[in-house]
Amino acid sequence: MDVRACKSCGKLFNYLSGPPICMACKDELEKKFQLVKEYIRDNKGASMQQIADDNEVPIKQLQQWVREERLEFTEESPIQIECESCGTLIRTGRFCEKCKDNMASGLTNAFKKEAPPPAPKKKPGGDGNHMRFLK
Ligand SMILES: [Zn+2]
Ligand SMILES: [Zn+2]
């Protein structure tokens, strides 16, 4: 069991995966997300600051949703974020089309460079039925 303090409200909870926040806060965040999504649909020209103020969501959270490609902005929106690789302004995700293309072609003769999330639970190629305990 992995008990952690919720990053958002400080309550202790059973940590499973993903961001270290408790179920209640996760639900709350999900509600906010739906709210923001609707807000953006109704206010296509809203700026990041406006969205943050009107929905009481930190800009950082908004940006994270954009990076996760959960939020997308239309042509009418002034909101753009920088490609993490070359700095070109894009509307969603982490990289521009050009960098995505470069990465895709780079994959043909190299292994995926992206680091796996830390602390994988299962080791690939483990030895089947034998359980080992490390001291
Ligand atoms: Zn919480
Ligand atoms: Zn780029």
Side-chain angles (χ1 to χ4, degrees):
M1 210 150 76
D2 191 0
V3 177
R4 296 198 195 183
C6 169
K7 221 178 154 187
S8 179
C9 70
K11 234 169 50 186
L12 292 176
F13 72 107
N14 269 332
Y15 178 74
L16 296 173
S17 65
I21 54 175
C22 72
M23 275 319 248
C25 290
K26 228 179 245 183
D27 280 355
E28 202 56 41
L29 205 61
E30 198 53 39
K31 266 184 227 156
K32 288 271 185 202
F33 174 72
Q34 296 302 333
L35 214 72
V36 168
K37 227 169 103 172
E38 270 175 44
Y39 180 90
I40 290 171
R41 211 172 46 206
D42 297 337
N43 303 272
K44 292 197 171 77
S47 70
M48 204 72 122
Q49 188 64 55
Q50 231 175 311
I51 299 170
D53 288 349
D54 285 356
N55 295 280
E56 290 171 24
V57 179
I59 286 189
K60 258 201 154 148
Q61 181 61 61
L62 293 174
Q63 281 168 337
Q64 196 189 318
W65 283 331
V66 178
R67 292 286 187 208
E68 288 169 357
E69 298 191 29
R70 295 186 72 188
L71 286 183
E72 204 164 342
F73 300 100
T74 60
E75 294 287 319
E76 295 145 78
S77 169
I79 297 172
Q80 289 179 315
I81 55 170
E82 287 176 8
C83 164
E84 285 185 9
S85 176
C86 71
T88 298
L89 291 174
I90 53 176
R91 292 189 191 278
T92 191
R94 298 173 59 194
F95 302 106
C96 68
E97 288 305 316
K98 217 172 78 189
C99 289
K100 270 192 211 162
D101 275 1
N102 283 346
M103 273 175 242
S105 55
L107 285 181
T108 50
N109 45 21
F111 284 108
K112 219 176 174 183
K113 272 197 188 142
E114 216 166 276
K121 291 231 166 73
K122 271 185 207 162
K123 277 182 198 156
D127 48 6
N129 301 323
H130 300 283
M131 285 275 253
R132 279 190 193 157
F133 295 96
L134 298 171
K135 276 196 178 163

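In each ligand, atom 1 is the first atom listed, and ligand 1 is the first ligand listed.
- One finds an angle of 110° at the Zn ion (ligand 1) between SG on Cys25 and SG on Cys6, to the nearest 10 degrees.
- Side-chain N/O atoms of Gln64 and Glu68 include a donor and acceptor closer than 3.5 Å.
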Between Arg70 and Glu30, does a salt bridge (Lys or Arg N to Asp or Glu O under 4.0 Å) hold up when you go through it step by step? CA-CA 11 Å; Arg70 295 186 72 188; Glu30 198 53 39; 2.9 Å; yes
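- The angle Cys96:SG - the Zn ion (ligand 2) - Cys83:SG amounts to 120°, with values rounded to 10 degrees.
- In the displayed structure, Lys37 atom NZ is contacted under 6.0 Å by at most 12 heavy atoms of other residues, nucleotides or ligands.
- Seen from the ring of Tyr15, Arg4 counts as a face-on cation partner, given the 6.0 Å and 45° thresholds.
- Taking the Zn ion (ligand 1) as the apex, the angle formed with SG of Cys9 and SG of Cys22 is 110°, to the nearest 10 degrees.
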